[in-house]
Amino acid sequence: MEGITGSILLLCLISFANANTSPVINTVVVTVCEDLVKGQHAFTIDASDAENDPLTYALTGPNAASFTVDPHTGEVLIERPLDRESASCIVFQVSRTITIIVNDANDNKPQFMQPSYEEQVPENTTINASLFRVQATDADTGNAGVVKYSIVEVTPPEGASLFAIGDINGFVTLKGHLDFAELSTFYRLRIKASDSGGSCASSQIIFQSNYVFAFINVEDVPNLDPVFINVPYIGKVEENSPVSTSVFKVTAIDQDLGINDIMAYSIENSSPPGDLFTISNDGVITVHAAIDREIIGDTVTLTVKATESKPNIDGILASTTAEVQINIDDINDNPPKFYKCTGSEDDSCVLASDFTGEVSEHSLGSIPIDMTVRDLDRYVRTELTLGGPYKDVFSVEPSFTTTKSIVQLVVKQPQELDFEKIHEMVLQVIAEDQEKPEFRTTATVTIQIKDINDNSPKFPQNTYKLNVTENSPDGTEVATIIAEDPDTMDQGKINYTLLPDSILRYFDVVRDTGKVYVKSQALLDREVRALYSATLQATDTDGKPGTTVLEITIIDINDNKPVPARASYVEYVMEGQPFELKIEATDADDPDTDNSKIMFKIVPSEYSDNFTIDTDTGVLKNKGEIDREAMNPELNGRIKLQIDITDKGTPPLSTVVNVTINVEDVNDNKPIFKESSYKFNVKEGEKGQYFTLQRAFKSSKLLLSYSFYFSIQSGEFVGSVFAEDLDQSKDFNRISFSITDGNFGSFIIRTFQEGSGYRGNITVDPDIELDYESARNKFTLTVEASDLEQEKATVKVEVDVVDVNDERPVFLPTQPVTVKENTTITGAIGRFEAEDEDGDHSLIFELVSIKCNCNGSLIPCDYVILDPTGEVRLNPEETLDYELCKDVLVEARVVDENTQKGENSSVNTGVMVINIEDINDNAPEFIFRNSVYFVVSETANKGTSVAEVTATDRDSGVNRQIEFEVTSVHFENSNNHTSDEGVLFEAVTTQQKDNYIGMIQTTKALDVTLKGKYLVAIKAVDSGGLATSTLLEIFTVDKSYRVELRFVRSKAEVESDKANIVRALSVATKAAVQVVSIDPDTNTDESRTTGGCIMLSYFVFPNGTALASNEVEKMLSDPEHFPILGQLGLVYVGGSTTQSSEVDPGLYILLGMVGGLIIVLAVLTTSLVCTRRNYKRKLKAAKAMNSVSHAEANQKSGPVVPGTNKYTMEGANPVLNLIYDTALVLDLDEESSDVDKVSLNSLDYSDTISMSVKDPLTIMVRLHYNSSSFVLVNIRMWSNFKTGLLLIMIQEEDEEDESAEYIEPLGAALAQRGQKNASNNVHVGFVNPAFSTADL
């Protein structure tokens, strides 16, 4: 901060009165806040003068630049910042000593006494121990100098709870256990020192802070046991290896890495036991005794111990153990051998050399011989071969083997295995070690051959010719034919059949004897068929066939058939009752011969065995009790028999008559359940439904039709029972079901016919809802089935109530997910999880909505995809953009696909918040404004801000931070020539909300004589190095374009309303306005009286063109803008007061003479006005009234009197064309006398008075200011007799005729009244009493 250092401030009070006594400073000690900014009030100089002369205040001295003083009021303002720490007291001398005490403001940060702190801390340091102390000092006083400490960051973050700091004393203490091995060995603490806040000029408390880093290194101590590395340990060694052979090396290290103690090794245990190995001090395990793998096994496990050489913090030698597995590698030192094994374990096997087996003749496949071959060595290859005379008949499997295998023989030549030729074969099995052929073993195998059925039966002849007479009785032997079979198992076991099946109607064969006999006497009719051909087939026990052909010739005999008395018989009998029926028939053959004698018999049929018939009388009787239930139900109680009526002729003839016996049913059976018991399951909570049945009836007799409606409620189906009554009539076999026990009112049963029986459907009572969680979740029912005559049967039915899936799934809490924008992750970024109390649930997830938080609003989007498994993945067709949307809200519901009852989805939806993390992917963007930047002489100093640029970055956080820099500066003059200006400007970066502003400041004073513009290249760079550039034009404006604006308002009022004034000026001129200063106006007594001020400004167009004062004056005088500026206090527009380099003093002498003349004329005119005021007023009123009658048609009624206080009805003065309050009375107000008004009215129609305000007093003056140059000046004056207004116009007579320009409406109005007399009247200036009357 720039400050005042040891300064003497000189205040000069200048009195414009005669030199008498000096002014006196009354207050010699003042206080000032050091945080006052430029332009703020510091103090007011309290001074007085004995003669009460006007005082002028000024500051001089080396430090005067730090303050500015109002020369009229003595108010002192801050010009440059103060610094109490550099100078807390400022003393200056005028006529006496004045002391300025600078009050402290909190403008200094605490300063640490060291740039950083570093400490070594043992890991076993006790909790609450003090580690070190940090100290900081603050140059401020009071609370602003009180420093407090805090730890704001610990690296790594896991150590945040390990340390604390005293907020007053700065002692850092340990609050947790350190661990060199498990935790970090290094911690970095970021310690904050903050003051207690303070302020002076500002009402807001300001806090200052600073930071320092402290580094803590953790020292290791011996507190950990050693540990073996590279575990597990697995080594190997060959059996029979020499002693001292190196096997394996183990290594143990001290976990206290900072100590790294030396280890001692020992073998603590061995499995199997023994002293096979030893270990050296460096951990090398060697062979100590002979090793035989076949004895000790394939693996030896050692327990190795490592012990530290130095005691730990507890005073003991720390140690650890590890297991070492040593695999014993085999060498080939054993021959293969044969064994007989009774189990799979090795101890179930015994050595053997003789083996047996058996095989069926002519068979293929393997022959088990209970042989196992084994070589005790590992990784050997044993070859198996056969020897002996029968070695080619068999092969051995396997032919090659390793270690242990089961040996089998496989038949290669099954044709050699013929039981009829040989019953036994002997051969040898040879096992040979391929690596060492001398290792060879032989075993003998005896194979027993078993006989099989391998021959078919064979008849002695291929064809047999046989004879039989027609009508031969059934069973009549035709011939007996025997087949032969050499197989032992087929001796006496040959079976015979006749083929094809059609021959069996006529003939058949005894199955085990080969006897062919007549099957049906009735069919043997030579007149129908004389020859039959059949095939006799013989089959052995294995089904092998042998055949021969039979040719049977029928010999003719008696061929007249008996004729029955009736074509058929139909009889009825109750079941269980005796039956008797006489069959009668006649024979047309000779009654005296046997051919006419008739015999009766029953033709074999389904029920023929249940009846008998007298062969001679034809009486048919039942053989046993007739039972209808034993009959086929499809027959409906009908038994159909055929009675064969045969004569005794040769051959006998026969006729068949049909007998139908209707067996009538009686109720002699009870119902029978199909199953002995039933078991069903039913789901809990299931209830039935109501449905309506309609049944229609129609009466043909009554010619009526009607319908019945049945409303039936059906419960949940449980299961069905089935029962059948063997009675075959519906009157006796109809069944109805009922539940007689175990129901508890929970179930009902309904009966339905199904097939030959009835089905009982068990359902849940519609008014009952089963509950698995209740006490009754298992029922044992007794179901009864009864027919119409109450024959009954019962069965047990078990019903289990089954739990159903009726719980809704519930979402588990879903954690927010963070994903960087523009990422292309293909896997899941998050997952919904849910649970269901039901055991058989199957949960899937369904998307409800995806909404993105974009610009503070939630809108639908497609950034992510929800899988049915609940996994959330990024949509590959969309790209996350943090600048568009900050986060994504995924709403889903979970559905149980296995829900059986109730709602299957969750009550509440699950919501996953996916936060989109910003990355630096956007370059800064300049915000362009229609601003015009230019430099003038007042802003050309070093360090002056001449322009500004604004930029923003769409990224967030640190990615949006922007720094501006000026990359190049060129100057382009009015001739379009460009030159490099080097580093003439610099950019100072500030932040304003989300935008960054670059203030463009000069690095050195600018050359104000240059005319053109500066081309400044500015680059905006964000924290990631992304940059954007722009080119800024800064125009140079000459001091001659400075415009002086005079206001009737005070400086303070103008400064407070500066923004509105600048805006109105910019609107009027269409140019950029730069105000360089606002100072009190001390040039006139009126300004001193009213407190007016002067504003110095520049007006520049966007192309760099500046406006001169006369151009600004013309624009501001426009009627559209001047009323607004007048309300803001603007009364005068003037040019720059710059002096010409060459001025002729004679010109000023001439102008002074003209001025004196004007003063004399003004005094004379004023006297005339004062003495003839009434008269002039009436003359002018009369003239005005005369002109009123010619007013425009659109003017409202009422007399208008220029030069008087006569107004229009709107209260407007027609001369000025401005709206004024009618309370501003020039003469004729409410207090005017009626005489004046009457006098005025009396002149309304007077045409004799010709004097008018348009007649000026004109004086032409010729001013010579050198020997050859002069100027002609016209001085014209108008006067208002009513108000005393004096309007003076000084016009230079130019050679060219120019049109008049007016900057005020009054001047234009008056000039237009005189255009008929003078055409070149240009108003240079006038005084409007509506704005100021003090001078007049």
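All heavy atoms count here, side chains included; hydrogens, waters and symmetry mates do not.
- Side-chain contact annotation: Glu268 with Ser266, donor-acceptor N/O pair under 3.5 Å present.
- Side-chain atoms of Glu878 do not come within 3.5 Å of backbone N or O of Asn875 as any donor-acceptor pair.
- Side-chain atoms of Asp220 come within 3.5 Å of backbone N or O of Leu257 as a donor-acceptor pair.
- Distance alone, capped at 3.5 Å, is enough to place a donor-acceptor pair between the Asp256 side chain and the Asn223 backbone.
- Cation-pi geometry between Arg190 and Tyr211 is met: the NZ or CZ atom falls under 6.0 Å from the ring centre, inside 45° of the normal.
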Practice prompt. Assess whether side-chain contact (heavy atoms from CB on, under 4.5 Å) is satisfied between Met263 and Asp254, documenting all intermediate values.
Written response: CA-CA 8 Å; Met263 300 294 156; Asp254 188 352; 3.8 Å; yes
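- Environment of CG in Asn855: sparse, with no more than 12 heavy atoms of neighbouring residues, nucleotides or ligands closer than 6.0 Å.
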Worksheet item: Stepwise, does the side-chain contact (heavy atoms from CB on, under 4.5 Å) test hold for Thr823 with Leu880?
Response: CA-CA 7 Å; Thr823 187; Leu880 295 180; 4.3 Å; yes
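- A donor-acceptor pair under 3.5 Å is formed between the side chain of Arg133 and the backbone N or O of Asn169.
- Asp138 places no side-chain N or O within 3.5 Å of a backbone atom of Val147 that could act as its donor or acceptor partner.
- In this structure, Gln991 and Ile997 have side chains that are not in contact, with every pair of non-hydrogen atoms separated by 4.5 Å or more.
- Heavy atoms only, all atoms of each residue included: Lys175 and Ser161 are closest at CB-O, 3.7 Å.
- No donor-acceptor pair closer than 3.5 Å links the side chain of Gln208 to the backbone N or O of Ser194.
- Gly198 and Ile205 make their closest contact through N-CG2, 3.7 Å (heavy atoms, listed as atom of the first residue, atom of the second, distance).
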Discussion item. Go through it in stages, so that I can follow the logic: the residues are Arg188 and Val154, the test is side-chain contact (heavy atoms from CB on, under 4.5 Å), and I'd like the CA-CA distance, side-chain angles, deciding distance and then a yes or no.
Written reply: CA-CA 6 Å; Arg188 187 188 73 177; Val154 177; over 6 Å; no
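- Below 30°, between 30° and 60°, or above 60°: for Phe163 and Tyr187 the angle between ring planes is above 60°, a perpendicular geometry.
- Counting heavy atoms from C-beta on, the side chains of Asp867 and Phe845 never come closer than 4.5 Å.
- Minimum heavy-atom separation, Ile279 to Tyr265: CD1-CB, 3.7 Å.
- Of all heavy-atom pairs between Ala947 and Leu1032, the closest is CB-CD2, 3.7 Å.
- Closest of all the heavy-atom pairs between Asp994 and Arg960 is O-NH2, 2.7 Å.
- Judged purely by distance below 3.5 Å, without hydrogens or angles, the side chains of Tyr996 and Thr952 never pair a donor atom with an acceptor atom.
- Between Ile262 and Glu308, every side-chain heavy-atom pair lies at or beyond the 4.5 Å cut-off.
- No hydrogens or angles considered: a donor-acceptor pair under 3.5 Å links the side chains of Asp918 and Ser956.
- Here the straight-line distance linking atom OG1 of Thr950 with atom CE of Met999 works out to 9.0 Å at 0.5 Å rounding.
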Fill in: Asp921 vs Asn822, side-chain contact (heavy atoms from CB on, under 4.5 Å): CA-CA, chis, key distance, verdict
CA-CA 9 Å; Asp921 60 344; Asn822 301 331; 3.0 Å; yes
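- A donor-acceptor contact closer than 3.5 angstrom is absent between the side chains of Thr320 and Asp225.
- Around the CD atom of Gln120, the shell of radius 6.0 Å holds more than 12 heavy atoms that belong to other residues, nucleotides or ligands.
- Using modelled atom types, one finds a donor on one side chain and an acceptor on the other under 3.5 Å when comparing Asn217 with Glu118.
- There is no side-chain donor-acceptor pair under 3.5 Å between Asn128 and Thr173.
- With a 4.5 Å cut-off on side-chain heavy atoms, Ile927 and Asn995 count as touching.
- Residues Thr814 and Glu833 have side chains not in contact (no heavy-atom distance under 4.5 Å, counting atoms from C-beta outward).
- A distance of 9.0 Å separates CD of Gln325 from CD of Glu323, quoted to the nearest 0.5 Å.
- Taking 4.5 Å as the limit, some side-chain heavy atom of Val888 sits within range of a side-chain heavy atom of Ile916.
- With hydrogens and angles disregarded, a donor-acceptor distance shorter than 3.5 Å links the side chain of Thr1002 to the backbone of Gly943.
- Using bins of under 30°, 30° to 60° and over 60° for the plane-to-plane angle, the ring pair Phe132/Tyr117 lands in the parallel bin.
- Ile962 CD1 to Glu965 CD: the interatomic distance, rounded to the nearest 0.5 Å, is 12.5 Å.
- Remark: Leu131 CG to Ile165 CD1 distance equals 10.5 Å, nearest 0.5 Å.
- The SG atoms of Cys885 and Cys854 are placed within less than 2.5 angstrom of each other.
- Note: Phe228 and Tyr233 have perpendicular aromatic rings, judged against thresholds of 30 and 60 degrees for the angle between ring planes.
- A donor-acceptor distance shorter than 3.5 angstrom exists from the side chain of Ser906 to the backbone of Asn908, with no hydrogens or angles considered.
- Using a 4.5 Å heavy-atom threshold, the side chains of Asn904 and Asn898 count as separate.
- Donor-acceptor pairing under 3.5 Å is recorded for the side chains of Ser849 and Glu891.
- Between the side chain of Asn312 and the backbone N or O of Gly315, at least one donor-acceptor pair lies under 3.5 Å.
- The side-chain heavy atoms of Phe213 and Leu189, taken from C-beta on, include no pair separated by under 4.5 Å.
- Remark: side-chain polar atoms of Asn210 are not paired, donor with acceptor, to backbone N or O of Ala193 under 3.5 angstrom.
- Checked by atom type, the side-chain pair Asn143/Asp195 shows no donor-acceptor distance below 3.5 Å.
- Contact record, Pro924 with Leu1026: CD-O, 3.3 Å, taken as the closest heavy-atom pair.
- Counted within 6.0 Å of NZ on Lys886, heavy atoms from surrounding residues, nucleotides or ligands total more than 12; the atom is thus considered enclosed.
- Atoms CD and OG1, from Gln111 and Thr137 in turn, are 7.0 Å apart once rounded to the nearest 0.5 Å.
- Asn922 and Asp955 share a side-chain donor-acceptor pair at under 3.5 Å.
- Asp104 CG to Cys200 SG: the interatomic distance, rounded to the nearest 0.5 Å, is 8.0 Å.
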